[in-house]
Each structure stands twice: as structure tokens, then as C-alpha cells.
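Notes to accompany the following structure.
Both counts, for ligands and for their atoms, begin at 1 and track the order of listing.
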Amino acid sequence: MGHAHTTSARSVEDHAVRIDEMITRVWSARPPETVPLTDALGRVTHADIEALIDVPNFRNSQMDGYAVDAESVADVPVTLPVTGVLAAGDAGDERHRSGTARKIMTGAPVPEGADAVIPVEDTEVDGDGVRILGSRRSGEYVREQGSDIAAGSVVVPAGTTLGPRHLGALTAVGRSDVTVRPRLRVAVIATGAELVEAGSALGPGQLYDSNGLTLASSVVADGAVVTFRGRSTDTADEFSAMLSEAAENADVIITSGGVSMGDFEVVRDVLGPRGGTFTHVAMQPGGPQGWTDLDGTPVISFPGNPVSTLVSYLVFARPAIRRLSGLPDAGTTERIADETVRSLPGRRQFLRGRLTETGVVVSSGPGSHLVVSMAAADVLVDVPADTVEVPAGNSVRVWPL
Ligand SMILES: Nc1nc2c(c(=O)[nH]1)N[C@H]1C(S)=C(S)[C@@H](COP(=O)(O)OP(=O)(O)OC[C@H]3O[C@@H](n4cnc5c(N)ncnc54)[C@H](O)[C@@H]3O)O[C@H]1N2
Ligand code: MOO
């Protein structure tokens, strides 16, 4: 057991609170960031953002037609002289004279003195002039300056996850960058002398490091960034050096493997003496768990079995990472067990399940090495510690995968 400090089995809830606190604490110490709007999709606003200018920023036409003063078209039909043409992009600084019309395009500035636009459909060319067939009230088809928003008003409140519509609105009000909440920076280190990189040749006793990508892609899916990825053998020196490198640019380090009771538990052996706690949580998979405050950087250590690693991430890390990323909680739901679900006594069990039209079925055995079977599952079936059997027709809680 090395030098690691060991405690008796903890509940899933207690451990989840501990990990959540560690992640939240380091994230809260990070300052907000200012990023160009072009990089801001999915980021969460740090503060209320106000308009720098009125929108529309000038009075303009809502229709292709003729700018007039409403009084001159009160009685129709009436023919008015046409004094020119205004296109979108024109400065439009010439004043309107009552009793005249100016041809105008959608988005072009409505001249001062004009207060209505007659759509071209309601007109006929009449020699050099225009015959107005339908009358319009003052203000019709004129988009007033500031009618969408006035300069200084809040466009997007603090805490908004920026989508395309927000980015468009912020651009329209004169912004080109935005101050957003920091993104949690996560380092992922998979440990194990047996691990080799995807795609390379396997020697005897070796297998592919699948946990590294499972964890890294989970982090990205939950709105955080992966700043470091490493694979370490079970050598203390190599793992220690990798931790130092990872800590340079990461808020949190997640490790997989090396936490249980074998002779080569590098994570436990290195981090135990540096203040790490390695313990057993009353769950399966994901029993052996560890956490360390490594000179201010939390290291969260998950067991190496691939199902254990993913279940640990989903139960302990995902809620905090999604919340800090401004994403909705993944949530759990109740489903009817189509078949009887059997579980272990004394441990909360997370079985892999597949959704049916109305309920859920367990889709593989409970073994935490069943990495491929896990890919065929939709959910984790969460069976409480004190339940050994959920009879068919009863409801169970499920977590999305
Ligand atoms: N005597 C005991 N042995 C074990 C116990 C126990 O309580 N007493 N607990 C078992 C449980 S439960 C788990 S879970 C594992 C956790 O072990 P480790 O965290 O030390 O993980 P490893 O031994 O390094 O690996 C376990 C297993 O997973 C494979 N693995 C590891 N990393 C990866 C990876 N990145 N990609 C794919 N597969 C990986 C590894 O080859 C092993 O097969 O301990 C049990 N033993
Ligand atoms: O708890 Mo281990 O994670 O069962 O395989």
C-alpha cells in the first residue's frame, strides 16, 4: 500500500462533493478572458455586455419604394415628382422636401423630413414622377434609429452561453471582442507500462491506451480544454516529470490507472507521499479513487479499467466541468426496467444499459474491462447501494453516456 494515506469506503456523494469543490476552487481563481467574437462561440459571458451604438444606427427604409412625407400622400392617388434615388450605403444627407418623393432601397437612409416609405408595389411610374396608389401613416416602413436597442443598454446578460444569435447581435452593436469566463484547462495522463499508442503495433502483454482519448474527448464535450495529454509507464520518475509538465498549463490533472493494490501503482506511489489520498468509494465500477492537491493543482486519479475511468469521470468530474463551462447538467432520468436488474450488495452499481421504446435494459455484464460493450450502451443504470435487485416493471435511474 506504499505511503498512501488510506481511509475506509466513502459514499459516492461525499466523493463527488470533494472533487466538485477541488475543480470549482481552481477555476474560480482564474481571471476572465477577453477573446475576439470570432472565437467566442460557446463561451460564457463574464459580465453584462452593453451596446456601443444604437441599432439601427441610422433611420432607414424597411422597403424598396419611395420616401415621402405622410401628409403628401394622405389623399391617393397622387403624383409626386421624384428627386433622386437612395441606395443602401448612401450617406442620404439631403433633406426631403414636402410634396416630393425619393426612390429608396431597403436599408438606405430615410432623408430628414420624410416620415414614410411607400412600397414600390403601391406605385406606378408617371412620366418623370411617381403615382402613389396607397396612402401610408407617418412612421410606416421607417426603421427608427435605436428601435432595436439604444447605446448603453444591455445586449447580452452575464452568464450567457454565446450562440450564433448573440455573436451577431454583439457585432451589430459595435463589439469585436467579448470578456468571457475562463475555460477549465485539463491535463490527462494515462498510466500503465502495458499501454501503447493507437495505431502502433502491439507487443506481448500490451494494449492500446483507450482511456486517454475517452477522458480527453469527455473534457472537450463538456466545454473545457485539454492542455496536455500524456502516457506514462509505471516509472515514478517519468510520471513525476509528466505531472510537472502537465501542471504548467492546466488547472486540473486527471490520471487513469495505478491506484489500486498491485506492486506497480505509480499514481498512488508518487502522489501518496505528496499528500494524496487514495481510498475506496462504495461503487462499482470506479471503486479505487484518489485525489491530491499537488502544490495547488488538483490531481484527480481514476482507476485504470476503461469502464471505471469513464464512469468515474461521468459521476465525479462531469457535473462540475459542465457547470463551469456554462452547459446544462447532463441530468438523470427514471426509466422502467424492462427486465429484472441485478446488482451487488453494499455498493452503488453503475451498469451499462440500452434505452428501449419505453424503458431500459442492461446491455452488458458488469465487468469494468468491457470497453467495447460500453460503446453499445446509451446510459448508465444507477442501482443504489442497498438494492440487489430491481424487478422488471420497476423504475431505475439512468445517466446519459
Ligand atoms: N487486489 C486488488 N486488486 C484490484 C482491486 C482491489 O481492490 N484489490 N481493485 C480492482 C479494481 S475495482 C480496479 S478498477 C482496478 C484499478 O486498478 P488501477 O487503477 O491500478 O489500474 P491498472 O491496474 O493500471 O489498470 C487496470 C486495468 O485497466 C487497463 N488499463 C489501464 N489503463 C488503461 C488505458 N489507459 N487504456 C486502456 N486500458 C487501460 C489495464 O491494462 C488493466 O487491465 O484494480 C483492480 N484490482
Ligand atoms: O471498481 Mo473497479 O472500477 O470495479 O473495476
Side-chain angles (χ1 to χ4, degrees), residues 1-2 4 6-12 15 187-200 202-219 226 228-236 238-239 242 246 253-272 276-292 299-317 343-352 364-375 380-383 385:
M1 217 167 280
T6 307
T7 57
S8 55
R10 295 158 60 78
S11 73
V12 171
H15 192 62
V188 173
I189 302 177
T191 69
E194 72 279 28
L195 304 177
V196 301
E197 192 178 336
S200 54
L202 288 173
Q206 296 186 325
L207 68 152
Y208 294 116
D209 164 23
S210 58
N211 290 348
L213 188 54
T214 300
L215 288 170
S217 55
S218 296
V219 163
V226 176
F228 179 90
R229 260 197 69 184
R231 201 175 59 248
S232 172
T233 63
D234 294 326
T235 317
E238 186 185 349
F239 180 60
M242 206 171 269
I253 301 172
I254 299 180
T255 66
S256 96
V259 298
S260 61
M261 307 177 86
D263 289 348
F264 310 101
E265 306 294 13
V266 71
V267 173
R268 188 177 178 131
D269 292 347
V270 166
L271 291 173
T277 301
F278 289 86
T279 186
H280 216 86
V281 173
M283 68 191 275
Q284 196 282 324
Q289 296 286 341
W291 75 90
T292 310
V299 184
I300 301 165
S301 298
F302 295 147
N305 275 314
V307 180
S308 314
T309 284
L310 181 58
V311 169
S312 301
Y313 175 86
L314 298 176
V315 173
F316 300 124
S343 179
L344 296 167
R347 275 186 284 174
R348 186 161 163 188
Q349 199 166 26
F350 291 92
L351 295 157
R352 269 66 69 211
S364 81
S368 47
H369 61 294
L370 300 171
V371 57
V372 177
S373 306
M374 182 165 61
L380 296 176
V381 178
D382 177 357
V383 187

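- Within ligand 2, counting atoms from 1 as listed, the ones closer than 4.0 Å to a heavy atom of Gln284 are 4 (O).
- Tested against Leu370, the residues Ser368, Pro366, Ser373 include a single side chain to side chain contact (heavy atoms under 4.5 Å, CB included) partner, Ser373.
- In this structure, the protein non-hydrogen atom closest to atom 5 (O) of ligand 2 is Ser368 OG, 2.2 Å.
- Among Ala190, Pro306, Pro303, Gly287, the residue whose heavy atom sits closest to atom 16 (C) of ligand 1 is Pro303.
- Atoms OG1 and CZ, from Thr255 and Phe239 in turn, are 5.0 Å apart once rounded to the nearest 0.5 Å.
- Within the 4.0 Å cut-off (strictly below), a protein heavy atom is located near atom 14 (S) of ligand 1.
- Of all the atoms in ligand 2, the ones that sit under 4.0 Å from a non-hydrogen atom of Asn305 are 5 (O).
- For ligand 1, the polar-atom distance check against Ser368 finds no nitrogen or oxygen pair separated by under 3.5 Å.
- Annotation for ligand 2: atoms under 4.0 Å from non-hydrogen atoms of Pro288 are 1 (O).
- Of all the heavy atoms of Leu207, the ones lying under 4.0 Å from any atom of ligand 1 belong exclusively to the side chain.
- Atoms of ligand 1 lying under 4.0 Å from at least one heavy atom of Glu265, given by number and element, are 20 (O).
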Trace of the side-chain contact (heavy atoms from CB on, under 4.5 Å) decision for Arg352 with Val381: CA-CA 6 Å; Arg352 269 66 69 211; Val381 178; over 6 Å; no

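- Close contacts of ligand 1 with Tyr208, meaning ligand atoms under 4.0 Å from a residue heavy atom, involve 36 (N), 37 (C).
- Taking OG from Ser312 and CE from Met283, the interatomic distance works out to 5.0 Å, rounded to the nearest 0.5 Å.
- When Pro285, Gly192, Ser312, Ser260 are checked for heavy-atom proximity to atom 5 (C) of ligand 1, Ser260 turns out nearest.
- Ligand 1 has Ser210 within reach: a non-hydrogen atom of the residue lies less than 4.0 Å from it.
- Looking at atom 1 (O) of ligand 2, its nearest protein heavy atom turns out to be Gly287 N, 2.7 Å.
- Using a 4.0 Å cut-off to heavy atoms of Glu194, the atoms of ligand 1 that qualify are 31 (C), 40 (C), 41 (O).
- Atom 39 (C) of ligand 1 is approached by the protein to below 4.0 angstrom, counting heavy atoms only.
- Between Ser260 and Pro303, every side-chain heavy-atom pair lies at or beyond the 4.5 Å cut-off.
- The N/O atoms of Gly258, backbone and side chain alike, include one that comes under 3.5 Å of an N/O atom in ligand 1.
- In this structure, Phe264 places its CZ atom where only 12 or fewer heavy-atom neighbours from other residues, nucleotides or ligands lie under 6.0 Å away.
- The closest approach between any non-hydrogen atom of Phe264 and ligand 1 is not below 4.0 Å.
- Set against the non-hydrogen atoms of Asp209, the atoms of ligand 1 under 4.0 Å away are 34 (C), 35 (N), 36 (N).
- Backbone and side-chain nitrogen or oxygen atoms of Ser308 are examined, and none is located within less than 3.5 angstrom of a nitrogen or oxygen of ligand 1.
- No part of His369 comes within 4.0 Å of ligand 1, judged by heavy-atom distances.
- By the criterion of a heavy-atom distance under 4.0 Å, the side chain of Leu195, and not its backbone, is placed next to ligand 1.
- Between Gly304 and ligand 1, at least one N/O pair is under 3.5 Å apart.
- The shortest contact between atom 2 (Mo) of ligand 2 and any protein heavy atom is with Ser308 OG, 3.6 Å.
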